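These notes are about the structure you will find just below.
Treat the numbers as computed from the prediction; the structure is a model and nothing was measured. Throughout, protein chains are lettered first and strands after them, A, B, ... in sequence-line order, and every chain is numbered starting at 1.
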There are 2 protein chains.
Amino acid sequence: MKAFYGDLRVGILGGGQLGRMLIQEAINYNVNIRVLDPDPEASCRYLCNKFVVGSLTDYETVYEFGKNLDLLTIEIEKVNVDALQKLEEEGVLVYPEPRIIRLIQDKGLQKEFFKQHGIPSAPFQLITSQASLKNASIPFPFIQKLRRDGYDGKGVYKIKSESDFENAFNEPSIIEEWVDFDKEIAVIVARNNDGETKAFPCVEMEFNPDANLVEFLISPSTLPLEVQQRAEFLALEIANSLKITGLLAVEMFLTKTGTILVNELAPRPHNSGHHTIEGNYVSQFEQHLRAIFNLPLGDIRPVSNAVMINLLGEPGFEGPAVYEGLNDILKMDGVYVHLYGKKFTKPFRKMGHVTIIDDIREKAVEKARLVQSIVKVIA
Amino acid sequence: MKAFYGDLRVGILGGGQLGRMLIQEAINYNVNIRVLDPDPEASCRYLCNKFVVGSLTDYETVYEFGKNLDLLTIEIEKVNVDALQKLEEEGVLVYPEPRIIRLIQDKGLQKEFFKQHGIPSAPFQLITSQASLKNASIPFPFIQKLRRDGYDGKGVYKIKSESDFENAFNEPSIIEEWVDFDKEIAVIVARNNDGETKAFPCVEMEFNPDANLVEFLISPSTLPLEVQQRAEFLALEIANSLKITGLLAVEMFLTKTGTILVNELAPRPHNSGHHTIEGNYVSQFEQHLRAIFNLPLGDIRPVSNAVMINLLGEPGFEGPAVYEGLNDILKMDGVYVHLYGKKFTKPFRKMGHVTIIDDIREKAVEKARLVQSIVKVIA
């Protein structure tokens, strides 16, 4: 590594909120950042040394953006991996490694990786089109997920009976046994290039049923310690099997019978780690930087109980965003507002998040429910 | 206030580390920032919507920079106040208020303000030149301070006997009784436009004797509660007398007889508040934003014991900065590095700071001493 770190040319593919929060931490390390994003008004637009407007999925654009950099990272998986592979061959450090992005981009490959490595996950089947649903050997109800490009609840379809087949996706997909889970939990692991790994404590999530987005996250978990350790061990095992450099977010189901099933991976900072900014000694964003710069990893312990709420665009509103109720919640102690710099709201768009910390867990939850009832992102 | 806050045109006079850390917090509130600084490579250069290179003390430059803004704040006092006054008359919100910047720019006016308002402070006398030292009615040893433009230990001269007169400043100065203090302490107060005030808990500082710069800061103080309360009360009283909008840092001496004497004021985020980023529920930077946006002020309670160390350029080194030992200190838990993005180091230049937090105060101090012995900013 070069002198710390102003001379290092670092690029991020994607200029959304994850890049924005990564930059907030990168400032502390004198890292000069270049960002590529198709949106000329992306969240990172005015917070970096150089902002390039361009497609993340176009080979030439990604290659041109990356070829004079020392290090390249991502804040979104939907990027041109062929270009990243070429850059890696030419000596640019690309973290997470292109082979890992390629694997995770494809939910089918992810599931096969789980199978090969004995990682517990819901039984599945790969299909190529709607027509193949007739041959499904998974009992109803089951879930169809597009192999590629699904995110934030998009590209997921629940099939309860044959009558749902006609509205199913007609693209390469996985179909997966419906998991009657008790909780959705997540563990974020970091691994640096020396092979040091650390897992943030397991967190519990609640999803918005309409949007299939994390709406409410509680840290640390109060699940039995044994369950938490199992989840953390599993996440570490996956990071080590992948030999990833950087962060890996592992979303899991805890079933009603106490089994943990891995749902999905994300090789980057993740919505399930936003509470770490105030809630843990090191934040997931600083941890990602430490990992990709091959620095010693930071202290993952919680500082306090933390609850994270996503500020989603209110259904029924579309246009320039107005944030209702912020004044009221700022009167409450231990409430941290993070807005993502997006001009326009639309239903369920992630516009920001709020973290609530409190020494008493019940108080943190209670305050969070109150915050949730007060703040609205409208237009 | 406009919709929160992307549409608000906010300017900062000065683009150094204080502006940089203010921007890190402003990101959370969707504040788009414009910065004016004479240095084209200032710390804030690539972190704002618009960066203007220009003099902070030139009337036209400051006026032009400010005239299309909604709100203007400062991170340094040495700015053209006439321009700010004009902008204020024309309807731009200027916080802190120009009249307060004018008062604080001049240590003579500051001292007279203390006197008028019964604020305890060392006995002083105003002089216009070296020649007036002969008529000093303050006993030896005493301190000569330039009325204007002194900072970070510059513009201060200790006079032990008449033989020191010939090297004294030949400019308008104050001379002030030498305070044989036990501790230097500081309190940072915030006041918003509604008149709500909050004081961060009192902190203790140690200075580098060669450079007269804060080198080591401990929060919270372990001084008797009565002393801390007196210091906090005094700071609040000054903020209320001034009717300042924004932060006010109040540096004080605690004398060996237990008296508190106010030393100096700074109407902005201050080195004595850097530990609040990790050490308190709200940081001084967020608190300043809340104050100038007339939002409810944040929770000033400490989260943990915090020690702050300035990373000063090592004497004997000048040139492109190299940070020695960072890898080693990042192995320690609860250690936070903040580099200020300055390319060049010189002796005692403020290049960054490190905050150490720990549940056990002695451990925090011990770790901080270790950090201090490990990290060096050389060239």
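- Closest of all the heavy-atom pairs between B/Ile27 and A/Arg20 is O-NH2, 2.7 Å.
- Other residues, nucleotides and ligands contribute at most 12 non-hydrogen atoms within 6.0 Å of the NZ atom of A/Lys346.
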Show, in sequence, the C-alpha distance, side-chain angles and deciding distance for B/Val303 and A/Glu278, and conclude whether the side-chain contact (heavy atoms from CB on, under 4.5 Å) test is met.
CA-CA 10 Å; B/Val303 172; A/Glu278 292 90 8; over 6 Å; no
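- In terms of non-hydrogen atom pairs under 4.5 Å with chain A, the most contact-rich of B/Ser304, B/Ser43, B/Cys48 is B/Cys48.
- In terms of heavy atoms, A/Gln24 sits closest to B/Asn28 at NE2-OD1, 3.0 Å.
- In this structure, the portion of B/Tyr336 lying under 4.5 Å from any heavy atom of chain A is its side chain and not its backbone.
- Neither the backbone nor the side chain of B/Arg45 comes within less than 4.5 Å of any heavy atom in chain A.
- Per-residue heavy-atom pair counts under 4.5 Å with chain B were compared for A/Ile33, A/Leu47, A/Asn49, and the maximum is reached by A/Asn49.
- Nearest approach of B/Pro296 to A/Leu330, heavy atoms of both residues: CB-O, 3.9 Å.
- Across every non-hydrogen atom of B/Gly341 and A/Asn30, the tightest pair is N-OD1, 2.6 Å.
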Between B/Ile357 and A/Tyr281, is the side-chain contact (heavy atoms from CB on, under 4.5 Å) condition met? List the steps.
CA-CA 9 Å; B/Ile357 73 172; A/Tyr281 277 87; 3.8 Å; yes
